Amino acid sequence: MTEKFYTLGIETSCDDTGVAVLNNDNEVLCEFLSSQIKDHSKFGGVIPEFAARKHLENLLPLVDAALKECNLKGNELNLIAVTCGPGLMGSLIVGVQTAKALSQVWRVPLIGVNHIEGHLFAPLVEAKNLEPPFLSLIVSGGHTEIIEVKNFGDYKLLGETRDDAAGEAYDKAAKILGLNYPGGPEIDRLAKNGNPYAFNFPIPLKNTHEIEFSFSGLKTALLWQGEKFQEQNQIIPEQKIEDLCASFQRAVTEALISKINLAVKLTGIKKVTASGGVLANSALREALMNDKNFKVWLPELKRCTDNAVMIAMAGRNSFKRGNFSRDEVVVNPSLNI
């Protein structure tokens, strides 16, 4: 009989408070997520200090709910995995300090998890048998990068964005068009009724020979197009907004797909995973699934955004590799993979 091993995952890197419990087979026994989208939408973006206060309110009740759901006591856990960076300083501190306290009270090992490595593990919740080497596209509000996974724990950053991350570009584009926050889901929704070729937006860095991204120029192109309507004293018609969204979304998607194909060509690795909040975008998911140059594994929609399941999985894997860090877990908002 396989020995039981329970991992508690805690995620508080930005504005989502996540808690999950996994067993020794990485089966999700329970998961809870408290989103702050409604709290921050009135500000048009995340307010760091407010996010940290909401984590303080939400985290311990979620831990308690998770243990009750799994019929476990704290001291029956075998590992606590917590995000230690990158992310917002205040939010990370709440998660790490809480995890440290629980680790000491329950006498349970604690391990800090790189948030980016967490995203890397998100598609593996379903694809449990996927083994390295493979390529991983991480595309979110704060990150856009392609990583070569030589082995678990052995990663090579192949390329990243020069400026805005793709998710950040979506939010800024939505603001330009007067749409609600968060911008990604709004643009995706409106783009479904738009013509993706109505506006000839540039495909950022599509033809360069480097694995790199840039979305600031695309955002500026959208801004100029919007200003043309203002010069004519026009309110942008709804159909034009849908076309603008569809055209912008096409440009972002083509930029991402072109660099994945370049990475496949340069490395010879044809297994690709993709994760991060932008992977909830329907156009990007479809383009990835339809590309014939590689095979792709994607997370469920609910695990594209920040969640504790991916943190628990990454922490458990790291622990199995011999890593252990109770008192050495240090918050690092700029942590690299």
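Note that this is a predicted model, so its numbers are computed, not measured. Side chains included, hydrogens not; waters and symmetry mates left out as well; all remaining heavy atoms used.
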Chemist: In terms of side-chain geometry, is the basic nitrogen of E168 or K172 positioned less than 4.0 Å from the acidic oxygen of its partner?
Modeler: yes
Chemist: If only atom types and distance count, is the side chain of S103 paired as donor or acceptor with the main-chain N or O of A99 below 3.5 Å?
Modeler: no
Chemist: Any link between V278 and V252 through a network of hydrophobic side chains (Ile, Leu, Val, Met, Phe, Trp, Tyr) touching at under 4.5 Å?
Modeler: yes
Chemist: Assess whether atom CG of N200 is packed by more than 12 heavy atoms of other residues, nucleotides or ligands within 6.0 Å.
Modeler: no
Chemist: Can you check whether N317 reaches N26 side chain to side chain, under 4.5 Å on heavy atoms?
Modeler: no
Chemist: Does D163 reach the main-chain N or O of F215 with its side chain, forming a donor-acceptor pair under 3.5 Å?
Modeler: yes
Chemist: Tell me, yes or no, whether the heavy-atom count around Q239 atom CD, taken from other residues, nucleotides or ligands under 6.0 Å, exceeds 12.
Modeler: yes
Chemist: Please give me the minimum heavy-atom distance between A173 and L222, naming the atom from each residue.
Modeler: CB-CD2, 3.3 Å
Chemist: Tell me, do I147 and I116 make a side-chain contact under 4.5 Å, heavy atoms counted?
Modeler: yes
Chemist: Assigning hydrophobic clusters by single linkage (Ile, Leu, Val, Met, Phe, Trp, Tyr; side-chain heavy-atom cutoff under 4.5 Å), is L288 placed with L158?
Modeler: yes
Chemist: With rounding to the nearest 0.5 angstrom, report the CD to OG1 distance, E148 to T267.
Modeler: 5.5 Å
Chemist: Please identify which of these residues, K302, E31, E300, E11, meets the side-chain contact (heavy atoms from CB on, under 4.5 Å) condition with V309.
Modeler: E31
Chemist: Can you list every ring pair (Phe, Tyr, Trp, His ring centres under 6.0 Å) pair that touches residues 254-286, not counting sequence neighbours?
Modeler: none
Chemist: Under the 3.5 angstrom rule, does the side chain of S318 hit a backbone N or O of A314 as a donor-acceptor pair?
Modeler: no
Chemist: Can K54 and D15 be said to form a side chain to side chain contact (heavy atoms under 4.5 Å, CB included), step by step?
Modeler: CA-CA 8 Å; K54 295 299 291 185; D15 60 328; over 6 Å; no
Chemist: Side-chain contact test, heavy atoms from C-beta onward, threshold under 4.5 Å: evaluate it for L244 versus L190 and give yes or no.
Modeler: no
Chemist: Any chance CG of N71 has more than 12 other-residue heavy atoms, nucleotides or ligands included, within less than 6.0 Å?
Modeler: no
Chemist: Over 60° means perpendicular and under 30° means parallel, so tell me whether H115 and H119 are parallel, tilted or perpendicular.
Modeler: perpendicular
Chemist: To the nearest 0.5 angstrom, please state how far the CG atom of N261 sits from the CG atom of L266.
Modeler: 11.0 Å
Chemist: Rounded to the nearest 0.5 Å, what separates atom SG in C30 from atom CG in L67?
Modeler: 7.5 Å
Chemist: Walk me through whether L77 and L102 qualify under side chain to side chain contact (heavy atoms under 4.5 Å, CB included).
Modeler: CA-CA 11 Å; L77 295 168; L102 296 177; over 6 Å; no
Chemist: Has S91 got a side-chain atom pairing as donor or acceptor with C14's backbone, closer than 3.5 angstrom?
Modeler: yes
Chemist: Might you point out which heavy atoms bring I146 and A263 nearest each other, and give the distance in Å?
Modeler: CG2-CB, 4.1 Å
Chemist: Quick one: does L22's side chain get under 4.5 Å of M313's, heavy atoms only?
Modeler: yes
Chemist: Please determine whether residues F134 and L262 belong to a single hydrophobic cluster, defined as Ile, Leu, Val, Met, Phe, Trp and Tyr linked transitively by side-chain heavy-atom distances below 4.5 Å.
Modeler: no
Chemist: Supply the atom-to-atom distance I236 CD1 to D243 CG, rounded to the nearest 0.5 angstrom.
Modeler: 11.5 Å
Chemist: Under the ring-ring contact (aromatic ring centres under 6.0 Å, His included) criterion, do F248 and Y170 qualify, and how do the steps go?
Modeler: CA-CA 9 Å; F248 179 86; Y170 268 109; 5.5 Å; yes
Chemist: Dump the intermediate steps for side chain to side chain contact (heavy atoms under 4.5 Å, CB included) on I311 and I10, then the final yes or no.
Modeler: CA-CA 7 Å; I311 301 303; I10 295 175; over 6 Å; no
Chemist: Got more than 12 heavy atoms from elsewhere within 6.0 Å of CD, E286?
Modeler: no
Chemist: Is a donor on one side and an acceptor on the other found under 3.5 Å between the side chain of N78 and the backbone of T7?
Modeler: no
Chemist: K259 side chain to E210 main-chain N or O, any donor-acceptor pair under 3.5 Å?
Modeler: yes
Chemist: Using atom types as modelled and distance alone, determine if a side-chain donor or acceptor of N307 lies under 3.5 Å from a backbone N or O of R303.
Modeler: yes
Chemist: Contact between V296 and D291 at the side-chain level, heavy atoms closer than 4.5 Å - yes or no?
Modeler: no
Chemist: For K295, look at atom NZ and say whether over 12 heavy atoms of other residues, nucleotides or ligands are found less than 6.0 Å away.
Modeler: no
Chemist: Look up atom OG1 in T220 and atom CD in Q225, then write down how far apart they are to the nearest 0.5 Å.
Modeler: 13.0 Å
Chemist: Between E126 and P299, which heavy-atom pair has the shortest distance, and what is it?
Modeler: OE1-CA, 4.2 Å
Chemist: Any side-chain heavy atom of T273 sitting closer than 4.5 Å to one from S275?
Modeler: no
Chemist: Can you name the nearest heavy-atom pair linking P123 to A274, along with the distance?
Modeler: CG-O, 3.6 Å
Chemist: Write down the atom of F213, the atom of A255, and the distance for their closest heavy-atom approach.
Modeler: CE2-O, 4.0 Å
Chemist: With a 3.5 Å distance limit and no angle check, can you tell me whether K100 reaches the backbone of L110 through a side-chain donor-acceptor pair?
Modeler: no
Chemist: Given 3.5 Å as the limit, does a donor-acceptor pair link the side chain of N114 with the main chain of N336, or not?
Modeler: yes
Chemist: How close do M310 and D306 get, counting heavy atoms only, and between which atoms?
Modeler: CE-CA, 4.1 Å
Chemist: Is a side-chain donor or acceptor of D188 paired with a backbone partner of S282 at a separation under 3.5 angstrom?
Modeler: yes
Chemist: Between I269 and F294, is there a side-chain heavy-atom distance shorter than 4.5 Å?
Modeler: no
Chemist: Membership question, hydrophobic clusters at under 4.5 Å side-chain separation (ILVMFWY): are V108 and V63 in the same one?
Modeler: yes
Chemist: Honestly curious: do L205 and I260 fall in one hydrophobic cluster under the side-chain, below-4.5 Å linking rule?
Modeler: no
Chemist: Using a strict threshold of under 4.0 Å (side-chain N to carboxylate O), is an ion pair present between D64 and K68?
Modeler: yes
Chemist: Might you work through the side chain to side chain contact (heavy atoms under 4.5 Å, CB included) test for V19 and N58, ending with a clear yes or no?
Modeler: CA-CA 10 Å; V19 172; N58 297 330; over 6 Å; no
Chemist: If you count the non-hydrogen atoms of other residues, nucleotides and ligands that lie under 6.0 Å from NZ in K192, is the total more than 12?
Modeler: yes
Chemist: Nearest 0.5 Å, please: how far is OG in S216 from CG in L223?
Modeler: 12.0 Å
Chemist: Does a side-chain heavy-atom distance below 4.5 Å link P132 with F152?
Modeler: yes
